[in-house]
Amino acid sequence: MGLTVDSVAKDSAYALSAKFDYVRWKNGGMMASDQFSSDQDEAEMSPSERRINQVVKPVLDSTFKLAFNNRGQLVKPFSYKSGRKIPTMFSPVNWEVYQIVFPVEKVSIGDEWTNEREIPIVGGKRVSTYYIESIFNSMIKIKVDGKLIINPQVTKKFSGRYKIDEKTKRLISAKIEMEENSFLQGSLKAVVDIQSQ
């Protein structure tokens with residue numbers, strides 16, 4: 001996905017437009033291995049891949065917009081460029097899973113802060129606690145530990161690390177891991193791996 005800053009408002013809200021370059025996934029399991037790549041030639045796709053491509057193609061052909069403030073807090077969720085809203089459950093990307101929400105006050109190495117937000121649809125909440133691990137060789141390392149509280153009986157923990165360029169303040173990479181359970185495969189690990197290009 002490519003992001004372009006369209007404007008910066010007086011209250012430091014950044015309005016962006018987003019366009020997906022491609023969609024790829026690989027789902028390996030005990031029963032079978034499924035994969036899909038939207039940049040594959042449609043003539044070379046299997047029947048199931050072509051069906052998936054019909055669902056993915058409108059997303060690839062669309063331009064989206066979103067806005068967040070100077071702390072990284074989402075102030076306008078993903079919508080079509082035309083302004084038409086996207087139902088929360090069909091949003092192409094859950095931006096707040098990847099974006100650090102920085103505190104209002106200044107922080108230094110060893111300091112921590114917490115961000116809490118509601119999870120759409122299920123009504124639970126996501127609690128993320130961040131702390132600055134180190135600043136070395138012009139790289140800021142920020143650790144995150146958190147939990148998804150789906151309901152009073154179901155809580156899932158996650159952890160990860162962000163690397164940010166100290167000079168440009170750009171994200172270099174991020175990796176977030178969460179334990180999952182599967183009926184067929186038992187315990188699994190869900191991993192979000194982001195590399196800035």
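Throughout, residue positions are numbered sequentially from 1 according to the sequence presented. Given the structure is predicted, the values throughout are model-derived calculations rather than measurements.
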Not counting sequence neighbours, which residues clear side-chain hydrogen bond (donor to acceptor under 3.5 Å, both in side chains) with Thr4? List them please. none
Using the salt bridge (Lys or Arg N to Asp or Glu O under 4.0 Å) criterion, which residues pair with Asp6? Sequence neighbours excluded. Lys81
Could you pull out all donor-acceptor pairs under 3.5 Å where a side-chain atom in residues 60-69 meets a protein atom, sequence neighbours excluded?
residue : atom : partner : partner atom : Å
Asp61   : OD2  : Lys57   : NZ           : 3.1
Ser62   : OG   : Pro58   : O            : 2.6
Asn69   : OD1  : Arg71   : N            : 3.0
Asn69   : OD1  : Gly72   : N            : 3.2
Asn69   : OD1  : Gln73   : N            : 3.0
Asn69   : ND2  : Gln73   : OE1          : 3.3

Can you give me every donor-acceptor pair (side chain of residues 166-175, partner residue at least two apart or in another chain, under 3.5 Å) with its distance?
residue : atom : partner : partner atom : Å
Thr168  : OG1  : Asp165  : OD1          : 3.4
Thr168  : OG1  : Arg170  : N            : 3.3
Lys169  : NZ   : Glu166  : O            : 2.4

When rounded to the nearest 0.5 angstrom, what distance separates NZ in Lys147 from OG1 in Thr129? 8.0 Å
Okay, side chain of Trp113, backbone of Val101: is any donor-acceptor separation there less than 3.5 Å? yes
For the residue pair Arg126 and Phe158, establish whether any side-chain heavy-atom pair is separated by less than 4.5 Å. yes
What is the distance from atom CD1 of Ile135 to atom CD1 of Ile109, rounded to the nearest 0.5 Å? 4.5 Å
Using side-chain hydrogen bond (donor to acceptor under 3.5 Å, both in side chains) as the criterion, list what pairs up with Ser138, not counting sequence neighbours. none
Linking I/L/V/M/F/W/Y whenever their side-chain heavy atoms sit closer than 4.5 Å, directly or via other members, would Ile140 and Ile100 fall into one cluster? yes
Please name all residues satisfying salt bridge (Lys or Arg N to Asp or Glu O under 4.0 Å) with Glu112, sequence neighbours left out, ordered by chain then number. none
Please round to the nearest 0.5 Å and tell me the distance separating atom CD of Glu177 and atom CZ of Arg161. 9.5 Å
Are Val144 and Met139 linked, directly or through intermediate hydrophobic residues, by side-chain heavy-atom contacts shorter than 4.5 Å (ILVMFWY only)? no
Mind checking side chain to side chain contact (heavy atoms under 4.5 Å, CB included) for Lys125 and listing every partner two or more places apart, or none if nothing turns up? Glu116, Val127, Ile149
Considering all heavy atoms, the nearest Ala13-Val75 contact: CB-CG2, 4.4 Å
Following the transitive rule for hydrophobic clusters with a side-chain heavy-atom cut-off under 4.5 Å over Ile, Leu, Val, Met, Phe, Trp and Tyr, establish whether Val55 and Met1 coincide in one cluster. no
I'd like to know whether Arg117 forms a side chain to side chain contact (heavy atoms under 4.5 Å, CB included) with Leu74, so could you lay out the CA-CA distance, the side-chain angles of the two residues, the decisive distance to 0.1 Å, and finally the verdict. CA-CA 11 Å; Arg117 71 174 185 87; Leu74 193 67; over 6 Å; no
Would you list the pairs meeting salt bridge (Lys or Arg N to Asp or Glu O under 4.0 Å) in which at least one residue belongs to residues 37-56, sequence neighbours left out? Arg24-Asp39
By salt bridge (Lys or Arg N to Asp or Glu O under 4.0 Å), which residues pair with Lys143, not counting sequence neighbours? Asp145
Determine whether Ile194 and Tyr22 fall in the same hydrophobic cluster, where Ile, Leu, Val, Met, Phe, Trp and Tyr are linked whenever their side-chain heavy atoms lie under 4.5 Å apart. no
Between Tyr162 and Phe136, is there a shared hydrophobic cluster once you connect ILVMFWY residues whose side-chain heavy atoms come closer than 4.5 Å? no
Applying side chain to side chain contact (heavy atoms under 4.5 Å, CB included) to Ala15 and not counting sequence neighbours gives Ser7
State the CD1-OG distance between Ile52 and Ser37, to the nearest 0.5 angstrom. 11.5 Å
Residues in side-chain hydrogen bond (donor to acceptor under 3.5 Å, both in side chains) contact with Glu105, at least two apart in sequence or another chain: none
Those residues at least two apart in sequence (or on a different chain) that pass ring-ring contact (aromatic ring centres under 6.0 Å, His included) with Phe36 are Trp25
